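By convention in this document, chain letters (A, B, ...) are assigned in the order of the sequence lines, proteins followed by strands, and residues within each chain are numbered from 1. Given the structure is predicted, the values throughout are model-derived calculations rather than measurements.
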Number of protein chains: 2
Amino acid sequence: MLTISQLASYAGVTVRAVRHYHSRGLLPEPERDRSGYRRYDAAAVVELIKIRTLADAGVPLSRVHELVAADAEEFAEAVRDVDRRLRAEIRARQRSRERIAQLAAGDSLALPPEAVAYLDRMRELGFRQELIDIERDSWILIAAQIPDQVSAFMAIKHAQIEHETLRRLYLDLGDLVDCTPDDPRLPSLADRVTAFIEAAEAQSAGMEEGEPISKELIALLDAAFVDSFPCAPRLLRLLEERGWTGWTDIKRADHAGMGRSS
Amino acid sequence: MLTISQLASYAGVTVRAVRHYHSRGLLPEPERDRSGYRRYDAAAVVELIKIRTLADAGVPLSRVHELVAADAEEFAEAVRDVDRRLRAEIRARQRSRERIAQLAAGDSLALPPEAVAYLDRMRELGFRQELIDIERDSWILIAAQIPDQVSAFMAIKHAQIEHETLRRLYLDLGDLVDCTPDDPRLPSLADRVTAFIEAAEAQSAGMEEGEPISKELIALLDAAFVDSFPCAPRLLRLLEERGWTGWTDIKRADHAGMGRSS
DNA sequence: GTGGAGCCCTGACCCTGCGTCAAGGTCAAG
DNA sequence: CTTGACCTTGACGCAGGGTCAGGGCTCCAC
């Protein structure tokens, strides 16, 4: 007859694990000798090895319980289940490997490669790092919300940034990161922004935009803009004076709230 | 500004997880609004995604804590570590898949295919199911202790079972599963066993056996034999009378315990 | 202005699969 | 008889959260 530690060592598990299986009802409690010690026979070793084999394959102990008592049909089905789970776990780990590789490679992660390329291009063109960081955060939010549309928007941004006039506007806007609400450059910047928007509007008149962005995301991005630029509220007011509202998605102001709609 | 649930959904985690990371000091507690709600900025999303990516890769939260504050060098080293672990886990799961595939294919858990084949052959040759079950359990024990040597032993067993005389001896031994200790067939069976052992001994005189099996395993297998056959003790006594001791590994008795050794 | 839905807060217990004391009883050897 | 290696039960601890419980906000509709 075997003691608990002999049993455990034959099956390659710890004594604690054996007692745990007893308490779970997985392995039946054996006879006790006169001093209360558990005494096992060889069949218990076999049982224990079966339990460990399933547990090692990642089957939860509660299922092991059912399986050791299951018929062949049921058992085969369960095995297929376990195999599916193992495959899923392998895939998950492969994805994890890719993700942490990205994470080690650079500032990316949570950002698709096009966006990373765009941020790199901004750096090359001399944009301030603070602005790039803000831009990156915005794109993270966008990627989290509408991952499928990121590359379409990214293409537009890439084109914009390579456009001479627009790039200069962006660069000057970038300087706003540390300006105060009463900065003298603001009115002329507001003029340049409205000029561009109006030009773009004229060009794309009648053109259908892609899928519209949700109000929530626009609000979120606007809020992020306001948080990052101390003078953002002032700029937005200046734009409203010129007939435009919003930032992420600038639209003609309706003079709504004045009692009539146009 | 983001509420906790917005933050959580952007990063693809639960609200509870975010609070958990706060309590672990992984993610800094953000400002609260006037009603005590946490308010996050977009940078928190970046942080949170980074944390999740590491945690998903199986990095314990305590290490994630170190890593998010680590420099590039240290981080890269840690990432290599994590990647090694992930590869190892993938391999482990692939091995598990193979094991459970075997497990589904054969009628039993924790047995290598050669053993399953052997048991199938026993069934074909007309051995009783009870005997096959006992044999299976023995092989589970052997496979657990000395997995590398199973196929060598299996080859021997396969040869034995195809040997006419020996097979008939085995078949008759199989009938012992339900015999009583005073069964009249026992003495002649003991004679046949000793005859075979002596013949085998003569043949293999001077031949070196493979690796010896450990005393513990032999004792365990003997115990399993005794547990399974009510008449096993009687048979062992009969063998001792004929100068042999043990069962799994039958050896010439030394008359030890009689005050002298030969 | 008031009710209810749907957020938010903290604190506390629950889960798995054991590891790790703690506090004692037992057994075999010297 | 002592020592050290076992055995017993019971309880707490770990990660990584889930899931109440018992409260407070806020916002929108009526």
Side-chain angles (χ1 to χ4, degrees), chain A residues 1-27 29-40 44 48-68 82 85 89 92-93 96 215-216 219-220 223, chain B residues 1-40 44 48-68 82 85 89 92 96 216:
Chain A
M1 297 298 265
L2 308 171
T3 66
I4 195 168
S5 62
Q6 289 171 322
L7 169 72
S9 85
Y10 283 136
V13 307
T14 65
V15 169
R16 182 64 180 90
V18 175
R19 287 205 266 251
H20 188 59
Y21 300 153
H22 284 318
S23 79
R24 287 288 154 117
L26 260 170
L27 193 63
E29 282 277 0
E31 304 283 288
R32 306 295 184 110
D33 67 12
R34 72 194 171 293
S35 56
Y37 290 14
R38 292 178 180 85
R39 289 298 172 166
Y40 299 88
L48 186 49
I49 289 171
K50 287 181 182 176
I51 291 170
R52 273 301 339 157
T53 304
L54 288 168
D56 284 342
V59 179
L61 295 190
S62 52
R63 291 222 61 200
V64 171
H65 193 23
E66 306 161 21
L67 288 190
V68 289
V82 170
R85 209 184 29 67
E89 286 179 13
R93 268 145 243 260
S96 267
K215 276 196 161 103
E216 288 79 16
L220 182 61
Chain B
M1 297 302 268
L2 307 173
T3 67
I4 195 168
S5 62
Q6 288 172 322
L7 169 71
S9 84
Y10 288 143
V13 308
T14 65
V15 169
R16 180 65 176 87
V18 175
R19 288 204 267 251
H20 190 59
Y21 300 154
H22 284 319
S23 79
R24 289 287 156 123
L26 260 170
L27 193 63
E29 282 277 0
E31 302 284 288
R32 306 294 183 112
D33 66 13
R34 70 194 171 292
S35 57
Y37 292 11
R38 292 177 181 87
R39 290 297 173 164
Y40 300 88
L48 186 49
I49 288 176
K50 200 168 172 182
I51 292 169
R52 271 305 334 160
T53 303
L54 288 168
D56 284 341
V59 179
L61 295 191
S62 52
R63 286 224 62 202
V64 172
H65 193 26
E66 304 162 19
L67 288 190
V68 290
V82 170
R85 209 182 28 68
E89 286 179 13
S96 265
E216 289 78 16

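The nearest whole Å value for the distance from the CG atom in Leu48(A) to the P atom in dC18(C) is 11 Å. With rounding to whole Å, Ile4(B) atom CD1 is found 16 Å from dG24(D) atom C1'. Protein atom NE2 of His65(B) is 13 Å distant from nucleotide atom P of dG16(D), rounded to whole Å.
Picking from dT8(D), dT10(C), dG17(D) the nucleotide with the shortest atom distance to the side chain of Arg38(A) gives dT8(D). Here dC18(C) is the nucleotide among dC6(D), dC18(C), dT10(C) with the atom lying nearest to any side-chain atom of Ala17(A).
Residue whose closest nucleotide on DNA chain D sits further toward the 5' end, between Tyr40(A) and Ser62(B): Tyr40(A).
Regarding contacts with the backbone of dG17(D), every side-chain N or O of Thr14(B) stays at 4.0 angstrom or more from both OP1 and OP2. Distances shown here put a side-chain N or O of Thr3(A) below 4.0 Å from the OP1 or OP2 atom of dC7(D).
Contacts classified as salt bridge (Lys or Arg N to Asp or Glu O under 4.0 Å) and involving residues 10-23 of chain A (residues at least two apart or in different chains) are not found. Residue pairs meeting the salt bridge (Lys or Arg N to Asp or Glu O under 4.0 Å) criterion with at least one partner in residues 56-66 of chain A, sequence neighbours excluded, are Arg52(A)-Asp56(A), Arg63(A)-Glu66(A), Arg63(A)-Asp81(A).
In the displayed structure, Glu29(A) atom CD is contacted under 6.0 Å by more than 12 heavy atoms of other residues, nucleotides or ligands.
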Could you write out each protein N or O paired with an N or O of nucleotides 20-23 of chain C at a distance under 3.5 Å?
residue: dT20(C); atom: O4; partner: Arg16(A); partner atom: NE; Å: 2.9

Table of protein N/O atoms under 3.5 Å from nucleotides 27-30 of chain C N/O atoms:
residue: dC27(C); atom: OP1; partner: Ser35(A); partner atom: OG; Å: 3.1

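Proximity of residues 19-27 of chain B to DNA chain D (heavy atom under 4.0 angstrom from any strand atom) is restricted to His20(B), Tyr21(B), Arg24(B).
Listed by chain and residue number, nothing satisfies the ring pair (Phe, Tyr, Trp, His ring centres under 6.0 Å) test with His20(B) (two or more places apart in sequence, or in another chain).
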